[in-house]
Amino acid sequence: MVPKLILASSSPRRRELLELVNLAFTVRKQEFDESTITTVEPAQKVEQLAINKAKSITIYEDEVILAADTVVSFQGRIYGKPKNSDEALTMLRSLSGNVHEVYTGVMIRSLTKEISFVERTMVEFWPLEIEEIKEYIATKDPFDKAGAYGIQSQGAVLVKNIIGDYFNVMGLPISRVVRELKQFQIVPNPTRC
Ligand SMILES: Cc1cn([C@H]2C[C@H](O)[C@@H](COP(=O)(O)OP(=O)(O)OP(=O)(O)O)O2)c(=O)[nH]c1=O
């Protein structure tokens, strides 16, 4: 039987990226309480979160579960999604003119096999005027995104340079994911789904 890919995520970006490469999948939302993972090392944190998200949903025989978690790391601090405008302002002011890291942890599991890995991308922001930051926050783009910006949306104009996988910043390192999924007999459709 051909295994079915289940995306354990409510992130619209992760859905978009699976669609981009023609992977057929269904979404099963996970509700793992992220606050229970208190690790301060970003790579460990995203990997643990991805593992816990993947394990928090029921898996059936012919299924492969994919889960991920993304954070921004800057000068020893981890930035998740901002809770309000003030927090978004604090995050974006500190990222302004500096280089930060974006980590995404990924877990892929079936009933017989599981793998997890972490990808890191370095992102440099232009020096930002406070007014520019406030105007960006007013667009509401920052609020459902780690580090208070979306590289794939209006936040694109904040970014001067990146080193690493762009899609990792968006929430899923899709090329590595596709390569790892082959081990689970899951491959993209050759024609558009
Ligand atoms: C830095 C950055 C993050 N993000 C997003 C990706 C993730 O959706 C989000 C980080 O939150 P996550 O907790 O990784 O994911 P989520 O809560 O959106 O979804 P789920 O836990 O159900 O899988 O930040 C962007 O879309 N663009 C960016 O440039």
Side-chain angles (χ1 to χ4, degrees), residues 5-20 23 25-39 42-57 64-74 77-83 87-88 90-96 98-109 116-126 128 133 136-137 139-174 176-177:
L5 179 61
I6 311 293
L7 176 63
S9 174
S10 48
S11 163
R13 278 74 54 169
R14 298 196 175 114
R15 286 202 294 270
E16 255 176 56
L17 291 176
L18 294 182
E19 283 161 6
L20 180 77
L23 277 165
F25 65 98
T26 45
V27 173
R28 194 173 300 155
K29 285 186 185 166
Q30 57 76 32
E31 276 170 21
F32 178 71
D33 177 5
E34 298 194 20
S35 67
T36 57
I37 303 292
T38 52
T39 320
Q44 268 177 22
K45 188 181 179 88
V46 292
E47 191 162 24
Q48 284 182 18
L49 279 163
I51 291 170
N52 280 285
K53 286 178 182 183
K55 293 195 168 176
S56 70
I57 63 168
V64 174
I65 309 285
L66 169 66
D69 192 81
T70 302
V71 298
V72 162
S73 170
F74 180 64
R77 275 163 293 165
I78 292 180
Y79 297 162
K81 299 174 192 171
K83 288 181 194 70
E87 206 172 277
T90 306
M91 288 181 185
L92 293 169
R93 281 184 77 176
S94 72
L95 300 180
S96 166
N98 288 312
V99 176
H100 64 269
E101 295 165 330
V102 180
Y103 290 86
T104 297
V106 177
M107 168 93 183
I108 304 172
R109 68 184 277 249
S116 62
F117 59 90
V118 178
E119 287 289 323
R120 183 183 71 153
T121 304
M122 318 281 283
V123 179
E124 182 182 4
F125 269 21
W126 292 100
L128 308 169
I133 295 177
Y136 176 55
I137 293 170
T139 67
K140 308 265 183 254
D141 192 45
F143 291 109
D144 58 345
K145 299 178 183 84
Y149 73 96
I151 196 169
Q152 74 281 12
S153 40
Q154 290 105 305
V157 299
L158 313 179
V159 175
K160 183 177 182 192
N161 192 22
I162 77 164
I163 301 173
D165 184 349
Y166 167 86
F167 300 109
N168 188 49
V169 184
M170 261 181 85
L172 196 66
I174 191 66
R176 173 97 187 257
V177 166

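Counting convention: from 1, in listed order, for ligands and their atoms alike.
- Listed by chain and number, Ser9, Ser10, Ser11, Arg13, Arg14, Gln30, Glu34, Lys53, Ala68, Asp69, Thr70, Lys81, Asp144, Lys145, Ala146, Tyr149, Gly150, Ile151, Gln152, Val169, Met170, Gly171 each place a non-hydrogen atom less than 4.0 angstrom from ligand 1.
- Take Arg28 and apply the salt bridge (charged side-chain N to carboxylate O under 4.0 Å, His left out) test, not counting sequence neighbours, and it matches Glu63.
- Gly171 and Arg14 make their closest contact through O-NE, 2.7 Å (heavy atoms, listed as atom of the first residue, atom of the second, distance).
- At a threshold of 4.0 Å, the pair Lys53-Glu34 counts as salt-bridged, since one of the basic side-chain nitrogens sits closer than that to a carboxylate oxygen.
- Classification of the Tyr149-Phe125 ring pair by plane angle, with boundaries at 30° and 60°, yields perpendicular.
- The side-chain hydrogen bond (donor to acceptor under 3.5 Å, both in side chains) contacts involving residues 155-171 comprise Thr104-Asn168, Thr121-Asn168, where partners must be two or more places apart or lie in separate chains.
- Applying the side-chain hydrogen bond (donor to acceptor under 3.5 Å, both in side chains) criterion to Ser73, with sequence neighbours excluded, gives no partner residue.
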